[in-house]
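One-based numbering, in listed order, for ligands and for the atoms of each.
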Amino acid sequence: MMKKIGSPEEYKSTYQFSIEKPEVFWASIADEFIWQKKWDTVLEWDFNTANTKWFLNGKLNITENCLDKYVELHPDKIAIIWEPNAIDEKEIKLTYKQLLQQVCKCANALLHQGISKGDRVCIYMPMIPELAIAVLACARIGAIHSVVFAGFSAKSLSDRINDMHCKMVICSDGAYRGNKIIAIKDVVDEAIQTCPSIKKIIVKKRTHSEIQWNSDIDIFWDDALENMSTVCPPAEMDSEDPLFILYTSGSTGKPKGVVHSTGGYMIYTAYTFLNVFQYQADDIYWCTADIGWVTGHSYLIYGPLLNGATSIMFEGVPTFPDAGRFWNIIDKYKVNIFYTAPTAIRSLMVYGDELIKQYDLSSLKTLGSVGEPINEEAWHWYHEKIGKMNCPIVDTWWQTETGGILISTIAYITPSIPGVATLPLPGIQPILVDTNGNELIEMVNEGLLCIKFPWPSIIRTTYNDHERCRLNYFSHFKGLYFTGDGCKRDAKGNYRIIGRVDDVINVSGHRIGTAEVENAINEHPRVIESAVVAYPHNIKGQGIYAFVICDSGITDTTQLADEIRNEVIKMIGPIAKPDKIQVVTGLPKTRSGKIMRRILCKIAEGESDNLGDISTLLDPDIVAEIKRGYLQNIV
Ligand code: WT7
């Protein structure tokens, strides 16, 4: 059994030991897993070249640790409870034994369709059980899964497929989302027009909508799995073999493919799930994230299954059929641990308490928050109305690149403080630096958050472009992993995350690069130039504000704004749609031609009285004009 921290003193001693003897510490945890062959070296690392390796030459298969292990121990325990979008459709419960059988059938089908170890498989699916099955089936045979959130556009999907040279896409015909039906297969069809590497598309029927069919490459899921054996030997994987690729936005260029390894990722997600949530054997656990994001990978699939837990997977949205759906599901399955995002909490707060009172939430023991800073109002509402003042909130700070939670309260063990991620988990060595990279030694401080020692699930590379990984994370400050977040530390060593210090916007917990949105806007034929910044948004945390220069002769700015939004939906997806668009005749630029975003941010925030020094601008008059336009021109 993996060691669970049981008291504040034990947290302190474990933490101390983990940083004094990290190799011994992590090896003792890794010892609890099934290895086909044990590692011979625990750790090799060099942040200067962005290289980290854990459990070198160890051989394993993560699905043996998620599934086979528990089929031995408790074959009939529920692994996944699937709650459909519609309230009157019946749920599906998959036991560990059934899940392993389905995973093996799918794994055999993948092999039969020509997928082998190391191949990249793109998964573009709604939250249906086959999504989890497909992910695990890839891992079973050593194919690298890359889930693309099913809200991304055909263009985004094809860019990702081409970056990875995927052979296969696994998708559904359509998706149910609230009262909408989304045409998933159509998006895939459009995307693969420009993807010559795709040889097969496996299609799970969900909505039974009409779809285009190309019998050369399309095959239905049920046909592909028919007659396949329910037994599939787990592929022997090296600890450092990639397990998956997940794309995420940075401050420049196209989204990058974050690569996670097999061994280290397994150890870290398993350990943090057990400890942060203080998971107990029969707990019912629900993470509301979509598997299209890292939270769904680490804390809906892998972390819970590695602990033999029961994990709920919800197909729908929090407001369908009404805004009580989350509370309904907690009551229905007697959920003990509930993990969601601040944006969901804020969007449900506005409906008041009546819907909550209709449900029994007394099963809840622990509440989690992830993806963005949680404001104190939302924290208190969550604590009082959902947790009834009885449940600690774990505010978990981490990133796609970190693979698992790095800074968080440990439920019932370490203090929970509104809006503060609090303390580093064992093995994590955060430091704050100033912009020159000098360590801020005094405890009470504010600076840039870096990590100075590797943990097992740290990013290994960015797919096909290791130099980009080095430049993005390891080149800002010598010898440090740079997170991109600003952060405050209090006298007791608690970390409060302020937010991104780069050109990354966090909209409803989703990461969007301003450059990506600008590129999409610039695709509009009447747009000459644009600049995108974030502004505070009541529900989403941050909203997207676009300043746009277009050619003369535009009279109907409302129509133009609609067209621009459609362009962004087409290029990226609805999550990146600008909330506000202001047409301007110029942008504040320095003499060297650089846009001064600081000024645009202030204007977008409505704080344009205090713009600081604008004397270095090429044309300072433009600022006054944009300020006037802020009040009149926003569409
Ligand atoms: C960025 C990472 C972690 C999985 C989901 C998001 C922000 C994340 C918190 C938190 C304050 C947070 C950071 C981080 N963030 N969690 N608890 N408190 N900020 O993963 O899309 O890779 O985004 O989300 O700014 O850098 P991601």
- Item | Audit row: Trp26, Phe55, ring-ring contact (aromatic ring centres under 6.0 Å, His included) steps and yes/no | CA-CA 9 Å; Trp26 288 114; Phe55 311 112; 8.0 Å; no

- Item | Among Ser457, Ser239, Ser298, the one residue meeting side-chain hydrogen bond (donor to acceptor under 3.5 Å, both in side chains) with Tyr265 |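 Looking at Ser457, Ser239, Ser298, the match for Tyr265 under the side-chain hydrogen bond (donor to acceptor under 3.5 Å, both in side chains) is Ser298.
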
- List by chain and number: which residues place a heavy atom under 4.0 Å from ligand 1? Val294, Thr295, Val370, Gly371, Glu372, Pro373, Asp395, Thr396, Trp397, Trp398, Gln399, Thr400, Asp485, Ile497, Arg500, Asn506, Arg511

- Short N-O contact, Lys254 and Asp163, less than 4.0 angstrom: no

- Message: Can you tell whether the side chains of Lys155 and Glu516 come within less than 4.0 Å, N to carboxylate O?
- Response: no

- Using salt bridge (Lys or Arg N to Asp or Glu O under 4.0 Å) as the criterion, list what pairs up with Asp241, not counting sequence neighbours.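 Here no residue qualifies.
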
- Compute the centroid of each ring, for Tyr285 and then for Phe273, and state whether the two points are separated by less than 6.0 Å. yes

